[in-house]
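One structure is given below, encoded as structure tokens.
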Amino acid sequence: MRKIIFVLFILSANLIMAQNKELTKMEKYVIRDKGTERPFTGKFYDFNEKGTYICNQCGTPLYYSSFKFDSGCGWPSFDDEIPGAIKRVPDKDGQRTEITCAKCGAHLGHVFEGEGLTAKNTRHCVNSISMDFIPDDSEKLETAIFAGGCFWGVEHYMKQIPGVIAVESGYIGGTKEDPSYEQVCQKNTGHAEAVRILFDKTQTDYETLAKMFFEIHDPTQLDGQGPDIGEQYRSEVFYTSTEQKEVTEKLIKQLRDRGYDVVTAVTPATKFWTAEDYHQNYYTRKGTTPYYHGYTKRF
């Protein structure tokens, strides 16, 4: 179950971020203009990690790594697809069959049948640049959840930490099921605006994230951050393990020993509800910077 939750988190986070992704010139050439990258040059051609290949434009899961095989053609090859993920359309050349992402129409490549290369007798010949990849390595992954004012600013800083894989803005700590932003703003659901962070433990650790959390918001302000006032803007750490709780309490003690009147609550994590799409990756999409959150060295 823990592994499934991790995979769903990564997939949903990638989908949210990809929906507003700016494509490079080469990505546009292949994905939108139906071009082709040169053979044997794509990043996924000689690539054998376990995981899920997703659409590089919209984040939809396309292929499992178990479908991949080496056909020797110079492009990633798959003999099957995730049900409903791929659309087949006649190519303009009148001979081949083009494959596109069923959700967003991104050009992937072409599909061939009858070659006898695998038992399924099918080869999806896909441009690497049309895909992204989500590794299936949940033992290396950990989740952290922080609430420190408007989630836009906390997300902005947290996703800059090396080793952070995905950051989602959302709501936690309340009583209403699946609350909307408008309902949370009414200040009667008990939720806090928070961010859920997935990070690679081989590249960073929880203490690094927690220190950043305490240095990008004011942990001494009760029920608010700057001009944002209300319980939804409170300072709170929602720990997912005993170790996270101990680390958080250790850091709070250090801050109090240095004269900070920390009011941050330390609470076991409950169900996290992902916020609306327009709240995700907010400052990157808008091309602006946080109006209140900023870095202050405290450790």
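Numbering starts at 1 and runs along the sequence shown. We use all heavy atoms of the structure for the numbers below, so side chains are in, but hydrogens, waters and symmetry mates are not. It should be emphasised that the depicted structure is a prediction, and the values quoted were computed from it without experimental measurement.
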For this session: Give a yes or no on whether the ring-centroid distance for Phe133 and Phe47 is below 6.0 angstrom.
Result: yes

For this session: Test Thr248 against Tyr206 for side chain to side chain donor-acceptor pair (under 3.5 Å), laying out the working first.
Result: CA-CA 9 Å; Thr248 302; Tyr206 178 79; 3.0 Å; yes

Seminar exercise, completed: Closest heavy-atom pair, Gly173 versus Thr270, reported as atoms and distance to 0.1 Å, is N-OG1, 3.6 Å

Exercise. Could you go step by step and tell me if Cys73 and Arg123 meet the side chain to side chain contact (heavy atoms under 4.5 Å, CB included) rule?
Worked result: CA-CA 10 Å; Cys73 69; Arg123 175 170 62 96; 3.6 Å; yes

Exercise. How long is the gap from CG on Leu141 to CD1 on Ile197, to the nearest 0.5 Å?
Worked result: 13.5 Å

Problem set entry | Any Phe199 side-chain heavy atom under 4.5 Å of Ile161 side chain | no

Exercise. Would Ile216 end up clustered with Phe238 when hydrophobic side chains under 4.5 Å apart are linked, directly or stepwise?
Worked result: no

Problem set entry | Any donor-acceptor N/O pair, Thr41 side chain to Arg38 backbone, under 3.5 Å | yes

Exercise. Where is the tightest heavy-atom contact between Glu27 and Thr24, given as atom of each residue plus distance?
Worked result: OE1-N, 2.8 Å

For this session: Would you tell me whether Thr189 and Gln183 have side-chain atoms, one donor and one acceptor, within less than 3.5 Å of each other?
Result: no

Exercise. Counting only N and O atoms by type, is there a donor-acceptor contact under 3.5 Å from the side chain of Gln203 to the main-chain atoms of Pro162?
Worked result: no

For this session: May I ask whether Val164 and Ile145 are part of the same hydrophobic cluster, defined by side-chain heavy atoms of I, L, V, M, F, W, Y residues being less than 4.5 angstrom apart, directly or through others?
Result: no

Exercise. So do Trp152 and Tyr292 actually touch side chain to side chain, heavy atoms under 4.5 Å?
Worked result: no

Seminar exercise, completed: Output for pair (Tyr260 OH, Thr220 OG1), nearest 0.5 Å, gives 9.0 Å

Exercise. Nearest 0.5 Å, what's the CG-CD distance between Asp200 and Glu142?
Worked result: 10.5 Å

Exercise. Among Tyr63, Tyr64, Phe67, Phe44, whose ring pair (Phe, Tyr, Trp, His ring centres under 6.0 Å) with Tyr53 holds?
Worked result: Phe44

Problem set entry | Side chain to side chain, Gln232 and Lys187, heavy atoms closer than 4.5 Å | yes

Exercise. Is there a donor-acceptor pair closer than 3.5 Å between any side-chain N or O of Arg298 and the backbone N or O of Leu255?
Worked result: no

Exercise. Within a reach of under 6.0 Å around CG of Asp33, are more than 12 heavy atoms found that belong to other residues, nucleotides or ligands?
Worked result: yes

Exercise. What distance separates Cys101 SG from Lys87 NZ, expressed to the nearest 0.5 Å?
Worked result: 11.0 Å

For this session: Heavy atoms only: give me the nearest Asn127-Gly35 pair and the separation to one decimal.
Result: ND2-O, 3.9 Å

Exercise. Can you check side chain to side chain contact (heavy atoms under 4.5 Å, CB included) on Thr296 and Glu215, steps first, answer last?
Worked result: CA-CA 5 Å; Thr296 300; Glu215 294 181 329; 5.6 Å; no

Problem set entry | Donor-acceptor contact below 3.5 Å, side chain Glu231 vs main chain Ala192 | no

Problem set entry | Salt bridge present between Arg196 and Glu168 (N-O < 4.0 angstrom) | yes

Exercise. Do the side chains of Phe213 and Val167 join up, straight or via other hydrophobic residues, at under 4.5 Å, putting them in one cluster?
Worked result: yes

For this session: Decide yes or no for Tyr282 and Ser169: does some side-chain heavy atom of the first lie under 4.5 Å from some side-chain heavy atom of the second?
Result: no

For this session: Can you measure from CE (Met158) to NE2 (His293) and round to the nearest 0.5 angstrom?
Result: 9.5 Å

Exercise. What do you reckon, is NZ of Lys34 surrounded by more than 12 foreign heavy atoms closer than 6.0 Å?
Worked result: yes

Problem set entry | Which atom of Asp70 lies closest to which atom of Gly72, heavy atoms considered | OD1-N, 3.0 Å

Exercise. Is the backbone N or O of Gly109 less than 3.5 Å from a side-chain atom of Arg96, with the two atoms forming a donor-acceptor pair by type?
Worked result: no

Problem set entry | Within one Ile-Leu-Val-Met-Phe-Trp-Tyr cluster: Phe146 and Met212, side-chain cutoff 4.5 Å | yes

Exercise. Are any of the side-chain nitrogens in Lys253 or Glu249 under 4.0 Å away from the carboxylate oxygens of its partner?
Worked result: no

For this session: Evaluate side chain to side chain contact (heavy atoms under 4.5 Å, CB included) for Cys55 paired with Lys103, printing each intermediate quantity in order.
Result: CA-CA 9 Å; Cys55 175; Lys103 181 176 179 62; over 6 Å; no

For this session: Without swapping roles, check the side chain of Thr240 against the backbone of Thr143 for a donor-acceptor pair under 3.5 Å.
Result: yes

For this session: Please tell me if the side chains of Asp79 and Leu117 come closer than 4.5 Å, counting only heavy atoms from C-beta onward.
Result: no

Exercise. Heavy-atom distance under 4.5 Å between the side chains of Ser180 and Glu276, does that happen here?
Worked result: yes

Exercise. Would a distance-only check, ignoring hydrogens and angles, find a side-chain to backbone donor-acceptor pair under 3.5 Å from Trp75 to Gly42?
Worked result: no

Exercise. Is there a donor-acceptor contact under 3.5 Å from the side chain of Glu155 to the main chain of Val195?
Worked result: no

Exercise. Is it true that Leu222 and Val262 fall in one hydrophobic cluster, defined by side-chain heavy atoms closer than 4.5 Å?
Worked result: no

Seminar exercise, completed: Shortest non-hydrogen pair, Tyr29 vs Thr36, comes out as CE2-N, 3.7 Å

Exercise. Any side-chain heavy atom of Asn281 within less than 4.5 Å of one from Lys159?
Worked result: yes

Exercise. Within the distance-only criterion (no hydrogens, no angle test), does the side chain of Asn121 pair as donor or acceptor with the backbone N or O of Gly116 below 3.5 angstrom?
Worked result: yes

Seminar exercise, completed: The side-chain contact (heavy atoms from CB on, under 4.5 Å) partner of Thr97 among Arg88, Glu113, His110 is Arg88

For this session: Go through the steps for Cys150 and Glu193 under the test side chain to side chain contact (heavy atoms under 4.5 Å, CB included), then give the verdict.
Result: CA-CA 6 Å; Cys150 177; Glu193 288 194 13; 4.1 Å; yes

Exercise. How long is the gap from CG on Leu251 to CZ on Arg256, to the nearest 0.5 Å?
Worked result: 12.0 Å

Exercise. If you look at every heavy atom in Phe151 and Gly170, which pair is closest and at what distance?
Worked result: CD2-O, 3.4 Å

Seminar exercise, completed: Partner of Leu62 under side-chain contact (heavy atoms from CB on, under 4.5 Å), picked from Leu108, Asn56, Val126, is Leu108

For this session: Give a yes or no on whether a salt bridge exists between Glu246 and Lys250, defined as a side-chain N under 4.0 angstrom from a carboxylate O.
Result: no

For this session: Could you tell me whether Tyr181 and His279 have their ring centroids closer than 6.0 angstrom?
Result: yes

Exercise. Is there a donor-acceptor pair closer than 3.5 Å between any side-chain N or O of Ser130 and the backbone N or O of His107?
Worked result: yes

